[in-house]
2 protein chains.
Amino acid sequence: MSEQVLTADRILDTAEEVIRRFGPAKATVVDVARALGVSHGSVYRHFASKAALRDAVTRRWLDRLCAPLAAVVADTGPADARLHRWLSTLVAAKHGRALDDPELFATYMTLVMDARAVVDEHVAHLVDQIARIIAEGVGEGVFRVDDVRAAARAVLDATARFHNPAHAAEWSDPSIGRDFEAVWGLLARGLRG
Amino acid sequence: MSEQVLTADRILDTAEEVIRRFGPAKATVVDVARALGVSHGSVYRHFASKAALRDAVTRRWLDRLCAPLAAVVADTGPADARLHRWLSTLVAAKHGRALDDPELFATYMTLVMDARAVVDEHVAHLVDQIARIIAEGVGEGVFRVDDVRAAARAVLDATARFHNPAHAAEWSDPSIGRDFEAVWGLLARGLRG
DNA sequence: GGCCTGACAGATTTCAATATCTGTCAGTCA
DNA sequence: TGACTGACAGATATTGAAATCTGTCAGGCC
């Protein structure tokens, strides 16, 4: 029976739970407040708006989804193999969720779709990681590129079909794995110069 | 006052007009029939269903949009320059429409989004054209690839961000042109081997 | 015969009344 | 004092009855 303090984190946990249960379209701030046993006015003390709350939930989800990627960046081995592993990990994470629990994935896809600012930030973060691997590859003599950051962005763009939720409907195609490897093959040769 | 015969083509023209005016969500078969001055039953003599009619309109639009591409395939000059021109033409056609008349583009985007079979057919056609250019490039010694068709598909996939309507929202980004050239640069080097 | 109409059943959409939600804020309580 | 409540205005969503639409088909017209 301990008195729980109302924190942004506790609200986020509950909001995520409510959004999962009711779906992103139906979940309301009132629902979240009810689940927490407080008035909805209290929620607005911690988040400026419903949009801000949704953004925060989305940001957390994206961060969690991409947590394994940092490890790959810090990994050892030649940069080309590392970049391939990084992209495969990203693609596998997305496809895994999409296949695992399509409804939950659709839920998050909806959130992501209209959280432009959050996604931009997230993409910038991904580009940073790719750029780091490419830069190291240039150092090793594995890659030859003029503009590392542009190349990093190009790699992410070129593989959009395999990780961008906008293409999720195509991920059930049995040839999607081969398609990804074909694009990777072209990119890898392109990076080698 | 000449009696007009009811042909599939005349229905298609009218359907396109009606869809433009009312939007893809509101346009009905009855609207099309009314515009033609016939009963809606007659329309079903030429198209098995509303979906079939929409598909036919979509197919015509895609064909029209991509008409300039055939000329580029048949063009002269080295294959790499030709492929670059082909992709630029495709991208320019899409961006042009999207910028020109966003509402009309959104209309067609909606149609395209739920005409999976039509789009698959269309994509196959585009891959054919790319494959032809790449094959000629291999003949010229400009390109070096194992599987021409797979490479063609990879080129289309890798440039999805720049021509797939699912990404239309990103096309207003001022750096989109540079991003495209960066991806092209990587692909071109990859194709050269 | 072949093209078209008009009426029909069941599915879908519209519309307006009703309920709920978002975001604010003065006031309560500890 | 500072976290919280509850009532409020305007915006948005739900609902169910009525209207419209889709797809079919028997029958009329040339």
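Throughout, protein chains are lettered first and strands after them, A, B, ... in sequence-line order, and every chain is numbered starting at 1. In this text, all values refer to a predicted model and were calculated from it rather than measured experimentally.
- The interatomic distance linking B:I11 (CD1) with C:dC3 (P) rounds to 12 Å, in whole Å.
- We find that CG of B:L36 is positioned 17 Å from P of C:dC3, with the value rounded to whole Å.
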* Classify every nucleotide of nucleotides 20-30 of chain C by which part a protein heavy atom approaches to under 4.0 Å, writing B for the base, S for the sugar-phosphate alone and - for neither, in 5'-to-3' order. => -SBBB------
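- Sequence neighbours left out, not one pair with a member in residues 121-159 of chain A passes ring-ring contact (aromatic ring centres under 6.0 Å, His included).
- For A:W184, the ring-ring contact (aromatic ring centres under 6.0 Å, His included) test picks out A:H84, with sequence neighbours left out.
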Side-chain donor/acceptor pairs under 3.5 Å, residues 106-113 of chain B, sequence neighbours excluded:
residue: B:T107; atom: OG1; partner: B:E103; partner atom: O; Å: 3.1
residue: B:Y108; atom: OH; partner: B:E16; partner atom: OE2; Å: 2.7
residue: B:T110; atom: OG1; partner: B:A106; partner atom: O; Å: 2.9

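- For the pair A:R10 CZ and D:dC4 C1', the computed distance is 14 Å after rounding to whole Å.
- For B:D120, there are no side chain to side chain donor-acceptor pair (under 3.5 Å) partners at least two apart in sequence or on another chain.
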Only pairs under 3.5 Å count here: list side-chain donor-acceptor contacts from residues 93-102 of chain A, not counting sequence neighbours, and write none if there are none.
residue: A:K94; atom: NZ; partner: A:H163; partner atom: O; Å: 3.2
residue: A:H95; atom: NE2; partner: A:F162; partner atom: O; Å: 2.8
residue: A:D101; atom: OD1; partner: A:L104; partner atom: N; Å: 3.2

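- Atom P of nucleotide D:dA19 and atom NZ of B:K26 are separated by 19 Å, given to the nearest angstrom.
- In this model, the phosphate group of C:dC4 is not approached by any side-chain N or O of B:S42 to a distance below 4.0 Å at OP1 or OP2.
- Between B:L53 and B:L12, the shortest heavy-atom distance links the atoms CD1-CD2, 4.0 Å.
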